[in-house]
Each structure stands twice: as structure tokens, then as C-alpha cells.
Amino acid sequence: MSEVYDVVIIGGGPGGYNCAIRAGQLGLKTACIEMRDTLGGTCLNVGCIPSKALLHASELYETAEKDFAGHGITVYNLSYDLSRMMHNKSETVKGLTEGVAFLLKKNKVDRIQGKGRIVGKGKVEVDGPDGKTTLETRNIVIATGSEVTPLPGVEIDEERIVSSTGALELKEVPKKLVLIGAGVIGLELGSVWRRLGAEVTVIEYLDRIMPGMDAEIAKQAQRIFKKQGFTFELSRKVTGVNKTDDGLSITTEAAAGGKTKSFDADIAIVCIGRRPYTEGLGLEAVGIETDKRGIIPNKQFQTSAEGVWVVGDCTHGPMLAHKAEDEGTACAERIAGKAGHVNYDAIPGVVYTNPEIASVGATEDQLKEQGRKYKTGKFSFMANSRARANHETDGMVKLLADAETDELLGAHMIGKGVGEMIAELCVALEFRASSEDIARTSHPHPTMTEAIRQAAMGVEGWTMQA
Amino acid sequence: MTDINVPELGESVAEATVGTWNFAEGDAVKKDDILVELETDKVSIEVRADGDGTLSQIVAAEGETVEIGARLAVIGEAGAAASGAAPEKKAEPEAKPAPAETPDAEQGGNLVDAKIPEMGESVSEGTVGAWLVDVGAAVKRDQALVEIETDKVAVEVPCPVDGVLAERNAEEGDMVAPGDVIARIREGGAAAPAKTDTPTAETKKDTPADVKAMPSAARIAEENDLDLSKVEGRGKDGRVTKGDALKAVESGATSPTPAASPAPAPAASAQRSDEPREERVKMTRLRQTIARRLKEAQDTAAILTTFNEADMTAIMQARKTHQDAFVAKHGVKLGFMSFFVKACVSALKEIPNVNAEIDGDEIVYKNHYDMGVAVSSPRGLVVPVVRDADQMSLAEIEKKIIELGTKARDGKLSIDEMQGATFTLSNGGIFGSLLSTPILNAPQSGILGMHKIQERPVAENGQVVIRPMMYLALSYDHRIVDGKEAVTFLVRVKEALEDPQRLLFDI
């Protein structure tokens, strides 16, 4: 009670901890409240990072199992140890969360454990292990993130009916796994368990996978995933998940009605999306109202309440760690009186399946909707020398540019490692580059990035290597 | 640490172009060593070291345009490494290998206000014009940051200190008043360009007008002869994007010869070699000034030329007769120029309007006779002045002309020696010209064109005889010199040349 903070941040995920670090750098007296034992939020503890550890391990396994032979490598008695994989995952998470704690300390941010609640203007109550305390502050930043959207009538027990969190902690590989929802999270987790031997069925209400992703890329992805062994049940609505003696029975009907069909499974993952997490946050104490979906509106990160700011999943925009991170940084700068800004037209999205899917900017559907005239350039990894040498030819690069100015409007890719390659196009978008700018930029040979250049040439019809 | 600044270059000379540096950063220099040459539109000036020391920093690179008083370089104590002045960080690599790596570098330095200057009495506000410097760009003291347009003049807001433009407080189109803070400069922030090698190259490369353009925009500009500095960039930090460049080409901001049209001639030129058919070279400041002033003269004065011819027999005879004695006594040869100067002075005294100038709605009569003598120099035409020619003897005039000619050839003429002529003599004859119409050297009102002396048959007392003849041309400003006066002037010159004794008798 003795001191007044400049900023108190509720939530220690990517939005919150980056906001805290930047605020600390800018000399603001800052506290970061986190209810978990460890910092890093969903991303670091039960999201991006642990899933990537399992994705990488399972991908190595599958590569050894299926692709080594094609390169002349013979493997005998290939096997995996799930508990070791899980241990490695936990170690990765531990190391990284400790790293965040160190960064906060380095930047003189007070880390306060507990659940934060706004109790009035400039007042945040923390319910921590040592009881309740109240912090006084000039600014409050809400960075409480999101939680799994539940499916009505289906209770998540994190044993057999799991969310993404439980799906990262399975004790053994399920024989039959059902994904409820064909979004990014489901496809990544489904990939992990499929590679380790599960038979995976994806049930999706819509008629396509990965809604929001460029339709052409999504279609190609679906074809590749099907080849890998996924079974897709699109336009199908889950009506119930019943526990049976030897597992689960998932009942469905066609999205349009009728045509019921049920699926047996050992494990079902509910991954229909995420929703803002603001429960018990005390928004009413400062008069903040959320919209129908629970989203806190903002204007340059400022909420309707003076001195209360919001970043990350609990406000508008894609629920992505790097978007939250960008906002956290910009928000801290704004609090410090600087000109923090986030370019929402250049926030990339990556699906860490194999092949990866990456995109930034507008999709073709969005451009059509806007009535904007555009040109398209495409290039298949089939014709890329590095991809050929690596036997990783699945996928393509697709670029969209304005028909008149040639300004790059969107980039969509599917292919091995495109999650790393997309950064080039983020820079291009940020600099308002034209397709020609990319086409005239030297790209190393032989690399898969050459496909980007060839696709860029394709926008104005001068692809040279196809 | 001593700053080497741009010296005074004479009245009406505001800026100069930096020539080649004779020393590199880190070189030892001695007092009076010539560090660098500055080229102005009139003269070249050598900038010398004012003491022994080490050239620790070159602030203005070759090709940059600098203003009077601007810092050119910093000379450190002989052998001494560093005195720790923040902006000079770059200069002491041996003292601190990577001084700019510290995060403080970008924070360091005070913020200094750049204010709108007084724009003349009765001007209380102006409109912000184009910003010449981006936020974050390195700026030098006195560099123009932005233009302010008023109903009377456009003034540039000079940068108060060396540093980095930290913020702009007004945008194009905003109204501002004298004394308003229009920008803030982080002093000494020059550390930023010192951080890596690339920005140094950038500073060297060009003036502030260096345009940031995307590669495609640069291609379009080159193919369409588009001046990117005139295209508004909508990309990040004002970069010119492809769309901007395309739009500019479409709106016709290109030169009259678009890239598409040079095609028609190929058949005829099939035999030509593949060498480029044209070459672009930047005009020197001298050339630019010559061009501008000639055009100004044409645009301002009502120039008209009257002609006559002179029989040079008498002068040639006089030279032949007295040359030896003249050289023996004065050490210079008796040339033609002195006669012409004297002849003109005599005629100017009779027709004072030719020696006058127009200033607004007034005529300024000059009671002194300062003769500009156009001479060619390796750098172009220069016009040094023979002052008070009316009070000089022929020998003195000859000596003076030789002295000025030598200086012109060596590029050593001072500004003073080229300013303030009241009348000009231009001798195209030395190159063989038989007849020409000189352009006035504004604000003067008369210029005499001398030409080649050529033997021609002329009628004399009813006989055709061969005489050494010279056509004379007088271009004059018809606004203040009447035709009668101009013709009379030229007749007087002719008479004096044909009978130099008239000069002696003052008739």
C-alpha cells in the first residue's frame, strides 16, 4: 500500500509480460500479476511451446519412420518413449518460464502471484497464496488472455474429454482420437497423436477446415492431411459425447440437420476455439462492458474506463501470442507517452503441422469481399530445387497484390518450414512492398525461399522457373 | 578539439560544394595544410588546418552542399586520442572500439527546440511546407528541416544543432507563427549514423535529398526519367512505393521523353557502336550560376545590340612603334585590351546611362568605372574586374588584366575580384568570332563585344584599301539606354580606337 505503481498488469502471458518488460525499460514502476505459478500464460505453459515440443518430437519420429528410407537410411527397431517426450516438453516449458521471470526481474518489474481483480479506479486486489492485498496504480493493463470455448452439453474432464491443455498431457497414445473442430489447435494436436499411432477423425461444423485461412491453401492442406491419414467429417455437428465402458461415443448429425452418425473414440479433444477470459476480473467496478463474445473493446489499447488498458486475446483481433506481444509493447509505449502502434494488416499466422501453413495479410476471399482488384502469383514447391532434394515438395506459395499498384496484399503458403519463411513477407507488407520488390530481391539458392520469389514474379506473369 | 567551419565566402555567396578531401579521418595534419577545397558558384576556396593535430572527423563529405559557418571537420589534438565529446564518438575508434553499441547512445543528448524564425516584419504566420527531414534522420546544424511558406517568402527552418530529428510538431499544411517550436532535435544523436558502417556510407552518398524508394519504384523512376525526390512516398517512413511511382508516371511527372519512345531511330543508328548515346553529368555550381544569371539577364533587361566596326590600323601601328620601349619600361606588352578599356571609359563618361543600372524604380548612376573583363578559365567563363580603370594608365591596365587572367586560370580569383563591375568587355575575337551579340552581365546595362581583327577591303577616300578591321557590338539594356545613346557610345568607342590620340586629348 505504501507505493503507487505506474502500471499494474493483470496477466503474465505474452501480452502481459512483454508489456511489463517494455514498461520497465521505459522507466515505469511496474507490477505484473499472474495467477499461475509460472509466467508465460497459455502460450508458454499449455499452448504454443509445449505443443511445439511434441510436434517436433513426433515429426522426427514420423520422418524416421516414413522418409528416411527414401534418402537411403535404414532404421531398425524404431520406437519412442512417450514419457521421455513429455519430460522433454516439461523441461522446455520450465526453462522458458524461468527465462520470463528473469526478464521481469532484469527490468525491475514486480512479479506478484495471485489472481488480480479490479476493485476501483487505480486499485487492483490480488488474491494470492499469502492472502489478499490491494495495489494502487495509475494505469491498469488487462492481459488476462483467453480460455477454451466449451461445447454446450459436453463436459471437459481433461482425462478422456480434453481441451488442448489435456491433449498435451495424455498418458498414452489413444487408438482412436476424435477432434471436435478443425481449427489450428486441433490439427496441430491431432498431428502429434496421429504420428505416434492414433487414428484421427476430425469433425467440423463448417464445410471446410481452418476457417479464416485462404480457401485454396486450406483445401490443399486438407488433401495433404487426408493423405497422411486424417479422416475429415465436415459439415457435421456434434450433438453429444457419451462415456461408455471402453471409451467415448460421439454423436453427430449433419450441419444442415438429419443424417446422424456416431463415432467411437478413446479420447476426444474439444477444440472449437477460445474465448476471452475475464471472469472475476472486476470489469464492472470500473464500468467496462464486454461485447456479446466477451471481448473488451479498445481504442489504441485504452478501454472505456480511464487508466484501464487492454491487450491480447481478451480484446479484438486474432488470438495469437505475437499479436498480444505487439500490443503489450505498444500499450506500454502509449502509457509512457510514446507512439506505440500495431499494424493489424501485417500479423502473420502459422499452423505448425507438417507441412506448415503460414499466412499474412488479406486472403483472396477477403479481397473479393472488399471488391478490391488484385493479381495472384503462385509457385509450387514441386518446382523448387531445394524442396526436390529434400523430398519435401508438398505445398505452394501464393501471393496476392493490388492490380494497379502491385502492392503486396496477402501471402499464403503451405510447405515444409514456411512458418519461418513468412517473416520475409511480413517485412514486405510492413514496407508496402510490391510483388516486383520481392521479385527483384536476391534470394539464396538453393532454398525454399526461392519459391516466394518465383511466386512474386508470377504476380506480373514473369515466373521464370515454371 | 577544433571545429573546421566553412569560412566566409564573400557577399552573396551562401553555400558551397565540398570537393575532395586531401586527408582521411585519423590522418595527422599540420597547420596550413589544405584540408579540402570548397567550390562555390564563383570561386574555389581552400580550407586549411589552423593548427597541428589529427583529422578526427569529416563532417561534410565530398559532394555535400554546405552553408557558411557549417562544420566541415573536427581536428583533434596532435596524437591525443579523445576528449570524450559525445558527438565525436565515431572519431576515436582506437579509444572505444564500439562506443555506439551502448543503448544509451540513442537516448543520450538533450532535446533542442527548432523554432520558426522571424519571417520579416508584418508576417505573423506561415504555412508548413514540405518536410525535408524524416524523424530519426541525422541532421546537421543549419541544415534546412522544413519550409515555411508565407504570402511573401518561403523560409527554411534551420536545424539548431547537430543531432537526430526526434520529433516534428507540425505537419504539412499546418499554420505556424514565428517562435513556434516546430521540431525537436536530439543533440549529438549523430551517434546513430556512427553505429554501423552502412549509414556512414549513406551520409557520404548524398545530400539530405536522398530519396528512399522501394526497388521497383527505383526501376520505374529510371525507366521513365522520374525524379523520385518529387514523388510523395506513402510507404514506411515515406518510402516511395511502386504504386507511388506508377501514379507519378501516370500523372505526367516525367521528363518529355518517356522510356517508351526512344525506339524510332534504331534503323538509322544501326551502324553506331553500342556506346551509350548520352551521358548525364551534374552541372558544376559555376555552370549553374552562369546559366541562371544569363537567363535572369535575358528575362529582365530589354537587351538590344548595335553594331559598328573599327579600323585597327592606328592601334596596331602604335603598338608596333612603342612596344619595345613599353616593355622595357613597364615589363608588360602593350596589348589591345587597354585601348578598349580606355575607349569604353571615355565613352561611358559621355553616355552615363550605359554605366548605370536599374534598381527597382530608380536608376543608379555610377561615378566609378569598374570594367569587367570576361576571360575564359578551365572552369568556365569568369569576369574579373579592373577597378577605377579611368584612373589607370595603359600599362597599369595591361598589368592588371594579366594578373587577373593568371588568377582566373589557376582558380584563385577572390570574390572581391569578381564583384561590382559597372560595364563589361567580352572578347570573342580570341576564339575567332567575327560577330556576336553578347548578353548583359546583370545588373549592368552595357557590354561591349570585341571580335576578330580581320583584314578586309574597305573604301577610304574613294579608294579600296585593305585594313585590319574589327566588328564591334554593344548590347545594352534598352530600358535605360536609348538607341541614340547606344549608337553614340559605340561610335565614340570606334573613334577612340581608330584615333587613340583622342583619348589623350579627352575628346
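Chain naming here is simple, since letters A, B, ... match the order of the sequence lines and numbering starts at 1 in each. Worth saying up front: this structure is predicted, and the values here are computed from it rather than measured.
- The contact between B/Arg219 and chain A is made entirely by side chain atoms (from C-beta outward), counting heavy-atom distances below 4.5 Å.
- Ranked by non-hydrogen atom pairs under 4.5 Å with chain A, the options B/Gly243, B/Pro215, B/Ser216 are led by B/Ser216.
- For A/Gln25, no part lies near chain B; criterion is any non-hydrogen pair under 4.5 Å.
- Ranked by heavy-atom pairs under 4.5 Å with chain B, the first of A/Glu407, A/Glu436, A/Glu404 is A/Glu436.
- The pair B/Lys140-B/Glu64 meets the salt-bridge criterion, since a charged nitrogen lies less than 4.0 angstrom from a carboxylate oxygen.
- For the atom pair CG of A/Leu367 and NZ of A/Lys373, the computed distance is 13.5 Å after rounding to the nearest 0.5 Å.
- By the 4.0 Å N-to-carboxylate-O rule, A/Arg138 lies close enough to A/Asp6 to be salt-bridged with it.
- The side-chain contact (heavy atoms from CB on, under 4.5 Å) test with B/Val249 singles out one residue from B/Asn224, B/Asp244, B/Val231, and that residue is B/Asn224.
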